[in-house]
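I have placed the structure first, in the form of structure tokens, so that the comments after it can refer back to it.
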Amino acid sequence: MTGISTHVLDTSLGRPAEGVPVELALHTEGGWQVLGTSATDSDGRAADLPAVEAGSVVRLLFGTAAYFARKSEEPPFFPEVTIVFTVAPAQHHYHVPLLLNPFGYSVYRGS
């Protein structure tokens, strides 16, 4: 099994993004099966997501609308961010940080 964690940083404010809902889902023949949900803590981290089987295709869905609604009255340009990736057989853990701002985002495979 491979552990999954994430970290959301608000690059427009230069600090962690607290309270971002995060959903982890597994791709199956029938579509996406939700494995677990979380929300980022005061440090912008969601470390309590369930482990997944190696070789799986998984999706992290970030509910950015809820986060941006607390920051502005304008509707968010990105109401959600979806990251889909394959879990390699030899990996014991994946950390997937999201760098977020109101009009852009970036993601990478962390350590």
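The basis for the numbers below is simple: all heavy atoms, side chains too, and nothing from hydrogens, waters or symmetry mates. All figures in this text were calculated on a predicted structure; none of them were measured in a lab.
With values rounded to the nearest 0.5 angstrom, I4 atom CD1 is found 9.5 Å from T6 atom OG1. Atom OH of Y67 and atom OG1 of T40 lie 8.0 Å apart (nearest 0.5 Å). Here the straight-line distance linking atom OG1 of T86 with atom CD of Q91 works out to 12.0 Å at 0.5 Å rounding. Rounded to the nearest 0.5 Å, atoms OH (Y105) and CZ (F77) are 10.0 Å apart.
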Could you pull out every donor-acceptor pair under 3.5 Å between side chains of residues 92-104 and any protein atom, sequence neighbours left out?
residue, atom, partner, partner atom, Å
H93, ND1, G3, O, 3.4
H93, NE2, S5, OG, 2.8
Y94, OH, A88, N, 3.0
H95, ND1, S5, OG, 2.7
N101, OD1, F103, N, 2.9
N101, OD1, G104, N, 2.9

Donor-acceptor contacts under 3.5 Å from residues 18-29 side chains, at least two apart:
residue, atom, partner, partner atom, Å
E23, OE2, R59, NH2, 2.9
T28, OG1, G30, N, 3.3
T28, OG1, G31, N, 3.4
T28, OG1, G31, O, 2.8

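Nearest heavy-atom pair, T64 versus E80, reported as atom, atom and distance to 0.1 Å: OG1-N, 3.2 Å. Between P16 and G44 the shortest heavy-atom distance is CB-N, 3.5 Å.
Judged as a salt bridge (Lys or Arg N to Asp or Glu O under 4.0 Å), and not counting sequence neighbours, D48 has no contacts. With sequence neighbours left out, F68 forms a ring-ring contact (aromatic ring centres under 6.0 Å, His included) with no residue at all.
When hydrophobic side chains of Ile, Leu, Val, Met, Phe, Trp and Tyr are connected at separations under 4.5 Å, M1 ends up as a singleton with no cluster partners. Taking Ile, Leu, Val, Met, Phe, Trp and Tyr as members and joining any whose side-chain heavy atoms lie under 4.5 Å apart, directly or through other members, the hydrophobic cluster of W32 also contains V57, V84.
Remark: side-chain polar atoms of D43 are not paired, donor with acceptor, to backbone N or O of R45 under 3.5 angstrom.
L9 and F62 are members of different hydrophobic clusters when ILVMFWY side chains are connected at heavy-atom separations under 4.5 Å. Hydrophobic clustering (ILVMFWY, side-chain heavy atoms < 4.5 Å, transitive): V8 and L61 are in distinct clusters.
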Begin from the C-alpha positions of V107 and V81 and carry the test side-chain contact (heavy atoms from CB on, under 4.5 Å) through to its verdict. CA-CA 10 Å; V107 64; V81 172; over 6 Å; no
